[in-house]
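The block underneath contains the structure these notes are about, expressed in structure tokens.
Indexing begins at 1, ligand by ligand and atom by atom, following the structure's order.
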Amino acid sequence: MSKPHAFDHSPYIIRPEPIVRLKDLATTPPSDFTSKGEAKKALAEDVSALSEAQRILWADGRFSVLIIFQAMDAAGKDGTIRHVMSGVNPQGCEVYSFGPPSAEELKHHFLWRPTRYLPARGRIGIFNRSYYEEVLVVRVHPELLKPQNLPPGREGDELWTKRFEDINAFEQTLHRAGTCVIKFFLHVSKDEQRRRFLERLDDPNKHWKFSAADLRERQHWKEYRGAYEAMLAATSTHWAPWHIIPADDKWYMRAMVADIVAARIGELDLRYPELDDAARAELAAAKERLLAEDGG
Ligand code: AMP
Ligand code: MG
């Protein structure tokens, strides 16, 4: 996949086990990025690269791709998914959105739910939010643990550390099975969230996007930040690193996400299957028969 543009991804990849301080990480593009046009052009190039990559992923049939999006409300998860995947064949891709767990899901381990929606070999799966909510919203609102009916001795601070370990092991299993796990935290500032909420309130076409719950969660900004920092530091691994993408500029964010996804898929050893001699002979015979038909 050769491309005329080249973004530097390195500032956004979280190396395993650092201390993550979100306050120190950019929510805006670097100062040398000025042009929305440039981002749109780069996005378009990556969208077509992704479309081609998906065809090979499908034909190759040995790998799958799981893309995870986490963010505070109004960071632009939905728009990013829509744009980045716009060139991808819907038959080879599915998006699953994680809301509050169902009664049935609550009766299982928290990694039971995502297991059911994992992409099969050859396919791309997208999680709009994910099992990470179990160490984010549930950590900020520990009363959500109650209906989970955990056995005794599974509460307190230890619980989150154990969940991080379980998540890392889960993702390592996926990686070993041929799933490329690509994780994005879309990093929006509190000011930009406020601006976007106000926009939703001012534009009748965006009213549906606003929920009072979003405003309630905004009151817990600091607790979420703490939960995100702990999670990002504990679950950025060699096999499934986090990317923290500045989200205050939507076009920059979308272009960067598309570029990283295209690059990660490009690193897989994908190829169209090669036919053996017998299969090749079969094709030659088929062609001969069809040509003979044409003549007769
Ligand atoms: P949205 O992404 O705006 O559709 O909202 C989905 C809501 O579901 C968010 O408020 C999440 O925090 C919530 N949610 C997702 N997963 C869980 C979970 N495991 N437990 C509780 N709430 C969750
Ligand atoms: Mg929402």
Side-chain angles (χ1 to χ4, degrees), residues 22 66-85 94-118 125-150 154-155 159-167 170-171 183-188 190 192-201 203 205-232 234-235 242 245 247 250 253-254 257:
L22 287 172
L66 175 63
I67 309 172
I68 295 177
F69 289 97
Q70 284 294 154
M72 296 298 283
D73 290 306
K77 290 192 301 310
D78 301 70
T80 301
I81 293 169
R82 200 168 58 243
H83 279 88
V84 172
M85 305 315 287
E94 51 262 301
V95 183
Y96 181 73
S97 297
F98 284 71
S102 69
E104 190 192 19
E105 285 159 350
L106 282 169
K107 291 184 186 163
H108 289 272
H109 186 269
F110 75 99
L111 293 171
W112 182 77
R113 167 150 73 149
T115 304
R116 300 194 294 162
Y117 303 105
L118 291 174
I126 297 175
F127 285 177
N128 183 350
R129 302 185 191 271
S130 65
Y131 46 89
Y132 279 99
E133 291 294 331
E134 289 289 333
V135 293
L136 297 166
V137 67
V138 180
R139 190 170 189 173
V140 172
H141 300 284
E143 65 275 14
L144 291 173
L145 281 173
K146 244 211 156 96
Q148 298 195 8
N149 281 332
L150 302 180
R154 264 66 162 193
E155 278 156 40
L159 176 75
W160 313 113
T161 313
K162 297 291 181 213
R163 284 193 169 185
F164 295 150
E165 288 172 12
D166 290 342
I167 288 172
F170 177 63
E171 290 175 354
K183 304 188 292 195
F184 293 103
F185 171 62
L186 307 181
H187 187 20
V188 73
K190 199 174 177 190
E192 180 62 18
Q193 189 196 57
R194 176 172 172 272
R195 211 186 54 72
R196 291 183 190 173
F197 280 170
L198 285 172
E199 200 175 277
R200 289 178 183 186
L201 292 168
D203 178 352
N205 288 335
K206 289 187 176 175
H207 282 171
W208 64 274
K209 278 192 180 184
F210 187 83
S211 91
D214 291 350
L215 201 56
R216 266 200 314 277
E217 295 313 297
R218 180 178 165 81
Q219 312 305 314
H220 296 286
W221 188 272
K222 273 213 174 115
E223 291 105 296
Y224 271 107
R225 194 172 58 204
Y228 265 107
E229 287 175 344
M231 175 284 266
L232 291 162
T235 60
W242 276 101
I245 310 293
K250 287 184 182 176
M253 167 178 68
R254 291 166 184 166
V257 167

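When each of Q219, H220, R225 is checked for a side-chain hydrogen bond (donor to acceptor under 3.5 Å, both in side chains) with E223, only H220 meets the rule. Under the side chain to side chain contact (heavy atoms under 4.5 Å, CB included) rule, F185 has a single partner from I245, L22, I68, which is L22.
Looking at Y224 next to ligand 1, no N or O pair under 3.5 Å apart turns up. Considering backbone and side-chain atoms alike, G99 places an N or O below 3.5 Å from some N or O of ligand 1. When only interatomic distances are considered, the shortest N/O to N/O separation between E134 and ligand 1 falls below 3.5 Å.
Remark: aromatic rings of F127 and Y117 are distant, center separation not under 6.0 Å.
Within ligand 1, counting atoms from 1 as listed, the ones closer than 4.0 Å to a heavy atom of P101 are 18 (C), 19 (N), 20 (N), 21 (C). In summary, the atoms of ligand 1 found under 4.0 Å from a heavy atom of R113, numbered by their order in the structure, are 16 (N), 19 (N).
Between the side chains of Q148 and E134, at least one donor-acceptor pair of N or O atoms lies under 3.5 Å.
The pair K250-D78 fails the salt-bridge criterion, with no side-chain N (NZ, NE, NH1 or NH2) lying under 4.0 Å from an Asp/Glu carboxylate O. Between R196 and E199 there is no salt bridge, since no side-chain nitrogen of the basic residue lies less than 4.0 Å from a carboxylate oxygen of the acidic one.
In the candidate list N128, D78, L136, V137, V137 is nearest to atom 22 (N) of ligand 1, counting heavy atoms. In this comparison of P100, S211, S130, A74, the heavy atom closest to atom 23 (C) of ligand 1 sits on P100. When the options Q70, E133, K209 are ranked by their closest heavy atom to atom 12 (O) of ligand 1, first place goes to E133. Counting heavy atoms only, R129 comes closest to atom 1 (P) of ligand 1 of the residues Q148, E217, R129.
With rounding to the nearest 0.5 angstrom, the CH2 atom of W160 is 6.5 Å from the CZ atom of R139.
Not close to ligand 1: S97, with no non-hydrogen atom less than 4.0 angstrom away.
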